Q: 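Here it is, the structure in full.
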Amino acid sequence: MSEINRKKWLLVPVAVWVTMNYAPPSYSDSYTWILPEGEEYVPYTNLHCVVLTGEEYGQYRVADPINGWQTVEKETFWSSFDAVGRRAVTIAGNEEALA
């Protein structure tokens with residue numbers, strides 16, 4: 001949580017993986033593959049990527065490619081983000097130039 005909040009306050013958007021509409025994760029019942037270690041991987045059917053852009057009125061502001069700009073309750077966001085493994089990507093740059 002602290003790394004995402006740090007990036008947020010530096011005005012660096014963060015791409016985060018959550019579930020569609022922040023629903024509980026669902027898994028494929030028809031498609032799997034075998035990982036190099038020999039373990040079977042069952043993918044999510046509702047994995048979704050949004051861009052965390054800031055905070056507004058105590059909620060997170062996200063750019064959602066399906067639903068447009070939204071605000072999401074922090075607890076709802078973290079529940080979905082945690083459920084799919086806390087994956088996020090940001091582009092590092094000259095952070096001093098953003099201040």
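Scope of the values below: all heavy atoms of this structure, side chains included, with no hydrogens, waters or symmetry mates. Nothing fancy with the numbering, it's 1 onward along the sequence. All figures in this text were calculated on a predicted structure; none of them were measured in a lab.
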Q: Would you be so kind as to tabulate the donor-acceptor pairs closer than 3.5 Å made by side chains of residues 29-42, with sequence neighbours excluded?
A:
unit_1	atom_1	unit_2	atom_2	d
Thr32	OG1	Glu40	OE2	2.9

Q: Can you find a pair of side-chain heavy atoms, one from Trp69 and one from Asp64, that are under 4.5 Å apart?
A: no
Q: Side chains of Val16 and Val50: does their closest heavy-atom pair fall under 4.5 Å?
A: yes
Q: Show your working on side chain to side chain donor-acceptor pair (under 3.5 Å) between Ser26 and Thr45 and close with a plain yes or no.
A: CA-CA 6 Å; Ser26 60; Thr45 58; 2.5 Å; yes
Q: Please step through side chain to side chain donor-acceptor pair (under 3.5 Å) for the pair Tyr22 and Trp78, ending with a clear verdict.
A: CA-CA 9 Å; Tyr22 305 94; Trp78 284 104; over 6 Å; no
Q: Would Arg61 and Thr71 count as a side chain to side chain donor-acceptor pair (under 3.5 Å) if you check the C-alpha gap in whole Å, the side-chain angles of each, and the deciding distance to 0.1 Å?
A: CA-CA 4 Å; Arg61 185 177 57 248; Thr71 54; over 6 Å; no
Q: Of all heavy-atom pairs between Pro24 and Asn46, which one has the smallest distance, and what is that distance?
A: O-ND2, 2.9 Å
Q: If every non-hydrogen atom of Cys49 is compared with every non-hydrogen atom of Pro65, which pair is closest and at what distance?
A: O-CD, 3.3 Å
Q: Quick one: does Ser80's side chain have a donor or acceptor within less than 3.5 Å of a partner on Thr19's backbone?
A: yes
Q: Using the rule given for side-chain contact (heavy atoms from CB on, under 4.5 Å), can you reason through Gln70 versus Gln59, listing the C-alpha separation, both sets of side-chain angles and the distance that settles it, and then say yes or no?
A: CA-CA 10 Å; Gln70 298 182 315; Gln59 298 179 320; over 6 Å; no
Q: Looking at Phe81 and Trp17, what are the two nearest heavy atoms and their distance?
A: CD1-O, 3.5 Å
Q: To check you understand the geometry: which heavy-atom pair defines the closest contact between Val84 and Tyr44, and what is its length?
A: CA-OH, 3.5 Å
Q: I need the minimum non-hydrogen distance between Val62 and Thr53, along with the two atoms involved.
A: N-OG1, 4.3 Å
Q: Locate the shortest heavy-atom distance separating Val51 from Pro13; write the atom from each residue and the value.
A: CG1-CB, 3.6 Å
Q: For residues Asn21 and His48, is any side-chain donor paired with an opposing acceptor at under 3.5 Å?
A: no
